[in-house]
Amino acid sequence: MICQSIMASVGNCIVTESRDKNYTNMRSFDFIYMTVAGWATAFLICLYQSFISFWRGYGMKLGPNVVLGFCLYFYILKVGNIRWVFHEGVGIIKMIINHEVMNFGTNSFD
């Protein structure tokens, strides 16, 4: 939700600001976002077992490797979000997809 809400601002910033300013903004946003994601991951590590024992009972706790796997999966999903926002703001993703579709379409008739 955070990434979707800042996408319009990022697109406007890309058009109006310099390349260095945009890179600095991306690094700053990424640092703040990953700091919050790191704290959220730490909270998940601490709270998974308590929640499972409250919800399902003490005997149904997950193993420590499973909890760490869930938390690592959550963190890995968050790593590229800000970069994706900046790529979407520029339109790179759509440009790459359109280029690949056009290449496939024109090369398939050779």
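A 4.5 Å side-chain heavy-atom check between R83 and D30 finds every atom pair outside the cut-off.
V79 and Y23 fall within a single hydrophobic cluster, where Ile, Leu, Val, Met, Phe, Trp and Tyr side chains are chained together by heavy-atom contacts under 4.5 Å. V85 and I76 fall into different hydrophobic clusters, where Ile, Leu, Val, Met, Phe, Trp and Tyr are joined by side-chain heavy atoms under 4.5 Å apart, directly or via other members. At a threshold of 4.5 Å between side-chain heavy atoms, the hydrophobic network of Ile, Leu, Val, Met, Phe, Trp and Tyr places Y73 and L68 in two separate groups.
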Let's go through I6 and I82 carefully: what are the C-alpha distance in whole Å and the side-chain angles of both, what is the deciding distance for side chain to side chain contact (heavy atoms under 4.5 Å, CB included) to 0.1 Å, and is it a yes or a no? CA-CA 10 Å; I6 66 170; I82 296 297; 4.2 Å; yes
Pair K61-Y48, side chain to side chain contact (heavy atoms under 4.5 Å, CB included): steps then yes or no: CA-CA 9 Å; K61 281 187 171 182; Y48 257 126; over 6 Å; no
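A parallel orientation is assigned to the rings of F51 and W55, their planes being inclined by less than 30° (bins at 30° and 60°).
Going from atom OG of S9 over to atom CZ of F29 covers 7.5 Å, rounded to the nearest 0.5 Å. Here the CD1 atom belonging to I52 is positioned 12.0 Å from the CZ atom belonging to F54, to the nearest 0.5 angstrom. Remark: I14 CD1 to H87 NE2 distance equals 9.0 Å, nearest 0.5 Å.
Heavy-atom neighbours of F70 CZ from other residues, nucleotides or ligands within 6.0 Å: at or below the threshold of 12.
Minimum interatomic distance between C71 and I45 (heavy atoms only, all atoms of both residues): SG-CG1, 3.3 Å. Scanning all heavy atoms of the two residues, the minimum distance from K78 to M34 falls at O-SD, 3.5 Å.
In this view, I32 satisfies the side chain to side chain contact (heavy atoms under 4.5 Å, CB included) rule with no residue, not counting sequence neighbours. Considering only residues two or more places apart in sequence or on other chains, F74 meets the ring-ring contact (aromatic ring centres under 6.0 Å, His included) condition with none of them.
In this structure, S53 contributes its side chain and S50 its backbone to a donor-acceptor pair below 3.5 Å. In this structure, the side chain of Q49 engages the main chain of L62 through a donor-acceptor pair within 3.5 Å.
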